[in-house]
Engineer: 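Please read through the structure below; I'll follow up with questions.
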Amino acid sequence: QVQLLESGGGLVQAGGSLTLSCAGSGRTFSRYAMGWLRQAPGKEREPVASISASGTFTYNADSVKGRFTISRDNAKNTVYLQMNSLKPEDTAVYYCAARSTGSSDYAPRSKSGYDYWGQGTQVTVSS
């Protein structure tokens, strides 16, 4: 089992930057693909970015390409989301999630299939 704890959310002005962190527990963290997903008020949860278990492959949603970067440090059981050039439409609760995949080089693109979730961290971007 993997437990996930996000941190780093907060209030930032448009154009600013934030870095989210997700610390995972358990010895098997490095076996899981990791994803960041977000949910804005009144909207469905959507995938933002993901990274393969190996860290070699990543996926970014079109809405964040060129602005957000996902990375992981398996030695520290931590995954990061560097968010630059933030926009008011990025305002949401951001969730970290872990997914068991058949390949260590697969970065999930869907919001479904994740096995474990963090509690979420609020990101608010003011205009």
Engineer: To the nearest 0.5 Å, what is the distance between CD (Gln1) and OG (Ser25)?
Structural biologist: 7.5 Å
Engineer: Can you pull the disulfide bond (SG atoms under 2.5 Å apart) pairs that have at least one residue in residues 30-99, sequence neighbours excluded?
Structural biologist: Cys22-Cys96
Engineer: Dump the intermediate steps for side chain to side chain contact (heavy atoms under 4.5 Å, CB included) on Glu6 and Gln119, then the final yes or no.
Structural biologist: CA-CA 7 Å; Glu6 303 98 334; Gln119 85 292 346; 2.8 Å; yes
Engineer: Is there a path of hydrophobic side-chain contacts, each under 4.5 Å between heavy atoms, that joins Leu18 and Met34?
Structural biologist: yes
Engineer: Closest heavy-atom contact between Ala49 and Leu81?
Structural biologist: CB-CD1, 4.1 Å
Engineer: Hydrophobic clusters here meaning ILVMFWY residues chained together by side-chain heavy-atom distances under 4.5 Å, can you tell me if Leu20 and Ile70 are in one?
Structural biologist: yes
Engineer: Distance only, no hydrogens: is a donor on one side chain within 3.5 Å (strictly under) of an acceptor on the other, for Ser17 and Asn84?
Structural biologist: yes
Engineer: Could you verify whether a donor N or O on one side chain and an acceptor N or O on the other, from Asp105 and Ser54, lie under 3.5 Å apart?
Structural biologist: yes
Engineer: Ile51 and Tyr59: same hydrophobic cluster, using ILVMFWY side-chain contacts below 4.5 Å?
Structural biologist: no
Engineer: Suppose the criterion is salt bridge (charged side-chain N to carboxylate O under 4.0 Å, His left out): which pairs have a residue in residues 33-49, not counting sequence neighbours?
Structural biologist: Arg38-Glu46, Arg38-Asp90, Glu44-Lys111
Engineer: Would you check if there is a donor-acceptor pair between the side chains of Ser110 and Ser112 at a distance under 3.5 Å?
Structural biologist: yes
Engineer: Is it true that Thr91 and Glu89 share a donor-acceptor pair across their side chains at a distance under 3.5 Å?
Structural biologist: no
Engineer: For Thr101 and Tyr32: C-alpha separation, side-chain torsions, deciding distance, then whether side chain to side chain contact (heavy atoms under 4.5 Å, CB included) applies.
Structural biologist: CA-CA 7 Å; Thr101 64; Tyr32 290 85; over 6 Å; no
Engineer: Taking all atoms of both residues into account, what is the closest heavy-atom pair of Ala107 and Ser52, and its distance?
Structural biologist: CB-N, 4.0 Å
Engineer: Using the side chain to side chain contact (heavy atoms under 4.5 Å, CB included) rule, pick out the option among Val125, Val64, Val123 that qualifies with Met83.
Structural biologist: Val123
Engineer: Quick check for you: to the nearest 0.5 Å, what is the distance between Tyr106 atom OH and Ser50 atom OG?
Structural biologist: 7.5 Å
Engineer: Do the side chains of Leu4 and Val48 join up, straight or via other hydrophobic residues, at under 4.5 Å, putting them in one cluster?
Structural biologist: yes
Engineer: Looking only at heavy atoms, which two atoms of Thr78 and Ser21 are closest? And how far apart?
Structural biologist: CG2-CB, 4.4 Å
Engineer: Mind checking the OG1-OH spacing from Thr69 to Tyr80? Nearest 0.5 Å is all I need.
Structural biologist: 14.0 Å
Engineer: Looking only at non-hydrogen atoms, find the nearest pair between Pro108 and Ala33 and report the distance.
Structural biologist: CD-CB, 3.7 Å
Engineer: Check this for me: Gln3, atom CD, are more than 12 non-hydrogen atoms of other residues, nucleotides or ligands nearer than 6.0 Å?
Structural biologist: no
Engineer: Please answer: with hydrophobic residues joined when any side-chain heavy atoms are less than 4.5 Å apart, are Val2 and Trp36 in the same cluster?
Structural biologist: yes
Engineer: Please report the interatomic distance OH(Tyr114) to OG(Ser100), rounded to the nearest 0.5 Å.
Structural biologist: 12.0 Å
Engineer: Would you please classify the geometry between the Tyr94 ring and the Phe68 ring as parallel, tilted or perpendicular, with 30° and 60° separating the classes?
Structural biologist: tilted
Engineer: Checking side-chain polar atoms at under 3.5 Å, does Gln13 have a donor or acceptor matched by the opposite partner on Ser126?
Structural biologist: no
Engineer: Is there a side-chain contact between Thr124 and Gln122 (heavy atoms, below 4.5 Å)?
Structural biologist: yes
